[in-house]
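Each remark here refers to the structure printed beneath this line.
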Amino acid sequence: MGKKLKSLEDLGGFVFSTNKDFEFENEETTETPENGEQKLEAHLDKKNRGGKIATVIKGFEGNDDDLKSLAKKLKTLCGVGGTAKDGEIIIQGNFRDKIMEYLTKEGYKVKRVGG
């Protein structure tokens with residue numbers, strides 16, 4: 001049995017309108033701050049990955065296009081696969097030092113977190 005909804009707000013947004021003149025406006029356009037204003041964290045993670053290590057960059061603020069663009073640059077730099085979602089960039093393998101060096105050169109503030 002599903003969770004009981006207390007109001008229309010619990011549905012997460014626009015559902016349906018019978019108004020012919022209604023225009024939906026998406027106000028979630030986030031501007032990405034300059035590189036120097038970004039405070040990123042570089043983690044190593046192997047949870048839920050079958051024992052394999054992944055480098056995780058957390059703390060990115062901005063829109064999804066800029067996040068995916070940075071992820072693509074990092075994947076190309078390391079020559080491996082990865083993904084970008086929910087403000088995190090996940091790169092396959094232990095490339096934390098290489099990524100931190102690159103991000104520092106690009107002007108980001110990067111903090112090493114964990115071992």
Side-chain angles (χ1 to χ4, degrees):
M1 184 171 209
K3 181 178 156 184
K4 188 171 182 178
L5 302 177
K6 296 177 183 173
S7 70
L8 287 178
E9 303 296 321
D10 294 340
L11 292 174
F14 177 72
V15 179
F16 181 76
S17 175
T18 57
N19 183 355
K20 296 176 190 174
D21 300 325
F22 180 80
E23 293 183 23
F24 178 70
E25 295 179 18
N26 188 0
E27 298 177 13
E28 294 185 26
T29 55
T30 307
E31 288 190 30
T32 304
E34 295 295 320
N35 293 357
E37 297 173 13
Q38 297 270 6
K39 295 179 183 175
L40 304 177
E41 297 178 348
H43 299 259
L44 282 182
D45 186 31
K46 62 179 181 178
K47 293 180 181 175
N48 301 324
R49 302 185 199 291
K52 301 197 190 256
I53 294 178
T55 304
V56 181
I57 307 300
K58 297 182 179 182
F60 185 87
E61 297 174 3
N63 62 34
D64 287 340
D65 292 336
D66 292 335
L67 176 68
K68 289 179 182 178
S69 173
L70 179 60
K72 182 173 173 88
K73 290 177 188 175
L74 295 177
K75 291 188 290 185
T76 303
L77 172 74
C78 299
V80 295
T83 186
K85 59 183 174 182
D86 301 329
E88 293 184 351
I89 300 171
I90 302 170
I91 304 294
Q92 296 172 352
N94 183 356
F95 294 99
R96 180 166 54 177
D97 294 332
K98 189 174 188 178
I99 289 172
M100 285 179 64
E101 183 180 316
Y102 174 79
L103 291 174
T104 303
K105 285 181 184 176
E106 292 293 313
Y108 291 95
K109 297 175 186 171
V110 186
K111 181 179 178 182
R112 181 186 186 110
V113 178

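Here the structure is a predicted model, which means the values were calculated and not measured.
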Which heavy atom of [X] sits nearest to which heavy atom of [Y], and what is that distance?
X: Leu67; Y: Gly87; answer: CD2-N, 3.8 Å
X: Met100; Y: Ala42; answer: CG-CB, 3.7 Å
X: Asn63; Y: Asp66; answer: OD1-N, 2.9 Å
X: Glu61; Y: Pro33; answer: O-CD, 3.3 Å
X: Ile91; Y: Ala71; answer: CD1-O, 4.4 Å
X: Gly93; Y: Thr55; answer: O-OG1, 2.7 Å

Might you work through the side chain to side chain contact (heavy atoms under 4.5 Å, CB included) test for Arg112 and Arg96, ending with a clear yes or no?
CA-CA 8 Å; Arg112 181 186 186 110; Arg96 180 166 54 177; 3.2 Å; yes

Mind checking the CZ-CG spacing from Phe95 to Leu44? Nearest 0.5 Å is all I need.
11.0 Å

Between [X] and [Y], is there a donor-acceptor pair closer than 3.5 Å when you use the side chain of the first and the backbone of the second?
X: Glu88; Y: Val56; answer: no
X: Asn35; Y: Glu106; answer: yes
X: Thr76; Y: Lys72; answer: yes

Transitively linked via ILVMFWY side-chain contacts under 4.5 Å: Ile89 with Val110?
yes

Is there a path of hydrophobic side-chain contacts, each under 4.5 Å between heavy atoms, that joins Val80 and Leu77?
yes

Any side-chain heavy atom of [X] within less than 4.5 Å of one from [Y]?
X: Tyr108; Y: Lys39; result: no
X: Asp97; Y: Glu101; result: no
X: Glu34; Y: Glu37; result: yes
X: Glu41; Y: His43; result: yes

Candidate list Leu103, Ile99, Val113, test side-chain contact (heavy atoms from CB on, under 4.5 Å), partner Leu40, passing option
Leu103

Taking it one step at a time, do Lys68 and Asp64 satisfy salt bridge (Lys or Arg N to Asp or Glu O under 4.0 Å)?
CA-CA 6 Å; Lys68 289 179 182 178; Asp64 287 340; 5.7 Å; no

